[in-house]
Structure formats: structure tokens, C-alpha cells
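Before any comments, here is the structure.
Values below: all heavy atoms of this structure, side chains included; hydrogens, waters and symmetry mates excluded. If you read the sequence from its start, that first residue is 1, and numbering goes on from there.
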Amino acid sequence: KAETHRRVLAARESRFRSLVANIPTSVYLQARDGRFTVVNTAFSELVRIHPDDLLGRLVTELPIPVWLRPVFHTGSESPGQPDDSIIELQSGDNQRLFFRVVRFPVQQDRKAEYQAVGTIIINVTDRMLAGERLASANQNLERQVVERTTELMRAKEAAVAASRAKAEFLANMSHEIRTPLNAIIGLSHVALADTLSDRVRNYLEKVRASGEHLLRVINDILDFSRIE
């Protein structure tokens, strides 16, 4: 039975290590003292250190770039509750990088003390930068909408002012032109009521007819202007 149990455990561990090794993102386990006990290929490629050179070592003992160290659990701090955070880093060649770091205590059960600390590191740089670009584009779009709306409001105000000025001009023109013209037509009627020579009457009738015709033309022009 002991041999069978040992084989079952060995098979389970083999499947576990195979699963971890093939996860396409960085995964590792550290003992309570901070030493690496499990690492996968993606994590090895991230730190550029062979897995055999990682196991049993502390973060501080490894030639990991200084800029990358903030994503690691050193073993000096208690893992406490599971933590999920985004860390922004500046790489050695001054590139902005973003990593999602999911850290959790490994326990036999919830009440037991943790035996190890598990960490998953996901490079989310593309997503974060795309989000920043989208946010910037939205801000630019909002600014353009505000500017365009302001321009349209100004254009509307200018159009209203021009329309008001035109209406005032037409009202003044109507008064300034029609008043003397009506006087000419009216006086022509008064003069024609008197006894006149045929020659003078002919002149006055032409003045009155021309005045009435001019008044109709002016009325048509003013009406057309109002329609516009």
C-alpha cells in the first residue's frame, strides 16, 4: 500500500509539474523562507536564468535585473491574503512595462498556516498601453466635440445676430422708403382732384402710376427678403 501511495503521489506531482511547465505565463512557488521550489519555463525565460539555477535559491542570490525585482516575493514579507495588482516598471532600455502579479499563500486548508507562496506574473503591457491610447483618443474626441460644439454655437449666434440685423434693416428701409413714396402717391391723388390742364394731369397721373408701381416693386423685394 505504501508503494502504491508513493506511486500515486509521484504521478500527481509529475502531472502538476507538467501542467505548470506548459502554462504560457510565468508561474513559481517559494518556500516560507523565500527559496524557489517550483518554476516554469515562462518564468525562466522572463528572468533569463535556467530552471536548475533557480531552484533552492533566493531572489537576492540571483542575477535578476534590478528593475524587475519589484514583481518578486522576497520571503521577508508575509503573504497574508491573496493579492492581485498591476505593477508598472521601467526596463533597462527605458521601455514602460506592465505586469499583473497574482500572489497567494499555499495552504493545506484555510485554517492552516501557509506552506509556500505562489505567484503568477502576466505581462499586460500591450493591454495597458492600448487602454492608455484609447483613453487619450477618447479625451481628444471629447475635446474636439466640445470645440466643434462651441464653433457651432458661435456660428448660430452670429447667424441669429445677422438675421436680427437684417430684420432691423428691412424695417428701417420699409419705413424710410414707403413713407415718402406714400406721400408722393397721396399728394398725386389730392392734386388730381383739382381742376388741371390736360398736360399737368397727364404728368400727375404718370407720377402716381410710377409711384404705385415702385411701391409694389419695393413690397415684393421686402417680402422676398423676409422669406430668405
| task | Mind running salt bridge (charged side-chain N to carboxylate O under 4.0 Å, His left out) on Glu151 and Arg148 for me, showing each step along the way? | result | CA-CA 5 Å; Glu151 291 176 358; Arg148 184 57 178 162; 3.3 Å; yes
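The distance from atom NZ of Lys206 to atom OG of Ser188, rounded to the nearest 0.5 Å, is 13.5 Å. Rounding to the nearest 0.5 angstrom, the gap separating the CZ atom in Arg69 from the CG atom in Leu62 is 7.5 Å. Once rounded to the nearest 0.5 Å, the distance linking CG of Asp52 with CZ of Arg57 reads 11.5 Å. Between the CG atom of Leu181 and the OG atom of Ser210 there is a distance of 10.0 Å, given to the nearest 0.5 Å. The CG atom of Asn94 sits 5.0 Å away from the CD atom of Gln90 when rounded to the nearest 0.5 Å.
Heavy-atom contacts from other residues, nucleotides or ligands closer than 6.0 Å to NE2 of His189 number more than 12. The environment of Asp198 atom CG is sparse: at most 12 non-hydrogen atoms of other residues, nucleotides or ligands sit within 6.0 angstrom. Counting non-hydrogen atoms of neighbouring residues, nucleotides and ligands closer than 6.0 angstrom, the CG atom of Asn140 exceeds 12 such neighbours.
Of the possible donor and acceptor atoms, none in the side chain of Thr119 sits under 3.5 Å from a partner among the backbone N and O of Tyr28. The backbone N or O of Val27 lies less than 3.5 Å from a partner atom in the side chain of Asn40, making a donor-acceptor pair. Between the side chain of Arg103 and the backbone N or O of Ser85 there is no donor-acceptor pair closer than 3.5 Å. Judged by distance alone, with hydrogens and angles left aside, the side-chain atoms of Ser44 form a donor-acceptor pair with the main-chain N or O of Ile49 at under 3.5 Å. Side-chain atoms of Glu61 come within 3.5 Å of backbone atoms of Leu58 as a donor-acceptor pair (strictly under, hydrogens ignored).
The shortest distance between side-chain heavy atoms of Ile184 and Val207 falls below 4.5 Å. Residues Arg100 and Asp84 form a side-chain contact, since some pair of their non-hydrogen atoms from C-beta on lies under 4.5 Å apart. Annotation: side chain of Phe98 is not in contact with side chain of Leu89 (no heavy-atom distance under 4.5 Å). In this structure the side chain of Ile120 reaches within 4.5 angstrom of the side chain of Thr25, judged on heavy atoms. Looking at heavy atoms from C-beta onward, Ile218 lies in side-chain contact with Leu214 at the 4.5 angstrom threshold. Put simply, the side chain of Asp83 does not reach to within 4.5 Å of the side chain of Val102, judged on heavy atoms. Here the side chains of Arg35 and Gln30 are not in contact, with every heavy-atom distance at 4.5 Å or above. Using a 4.5 Å heavy-atom cutoff, the side chains of Leu192 and Arg201 are in contact.
Ring geometry for Phe36 versus Phe72: interplanar angle over 60°, hence perpendicular rather than tilted (30 to 60°).
A pairwise comparison of heavy atoms in Leu97 and Thr125 identifies CA-OG1, 3.5 Å as the closest pair. Across Ser91 and Trp67, no two heavy atoms sit closer than the pair CA-CD2, 3.6 Å. Nearest heavy atoms, Val124 versus Ile86: CG2-CD1, 4.1 Å. Closest of all the heavy-atom pairs between Leu55 and Thr37 is CD2-O, 3.4 Å. Considering every non-hydrogen atom in both Val106 and Gly118, the closest pair reads CG2-N, 3.9 Å.
Grouping Ile, Leu, Val, Met, Phe, Trp and Tyr by side-chain contacts under 4.5 Å, direct or through others, puts Leu141 with Val145.
Ion pairing between Arg96 and Glu132 holds under the 4.0 Å rule for side-chain N and carboxylate O. Note on Glu147 versus Arg143: salt bridge recorded, some NZ/NE/NH1/NH2 to OD/OE distance being below 4.0 Å. Between Glu157 and Arg154 there is no salt bridge, since none of the side-chain N atoms of the basic residue sits less than 4.0 Å from a carboxylate O of the acidic one.
Hydrophobic clustering of Ile, Leu, Val, Met, Phe, Trp and Tyr side chains at less than 4.5 Å, counting indirect connections, unites Leu68 with Ile87. Under the 4.5 Å side-chain heavy-atom criterion for ILVMFWY residues, no single connected hydrophobic cluster contains both Leu187 and Leu215. Note: the hydrophobic cluster containing Ile185 does not contain Tyr203 (ILVMFWY, side chain heavy atoms under 4.5 Å, direct or indirect links).
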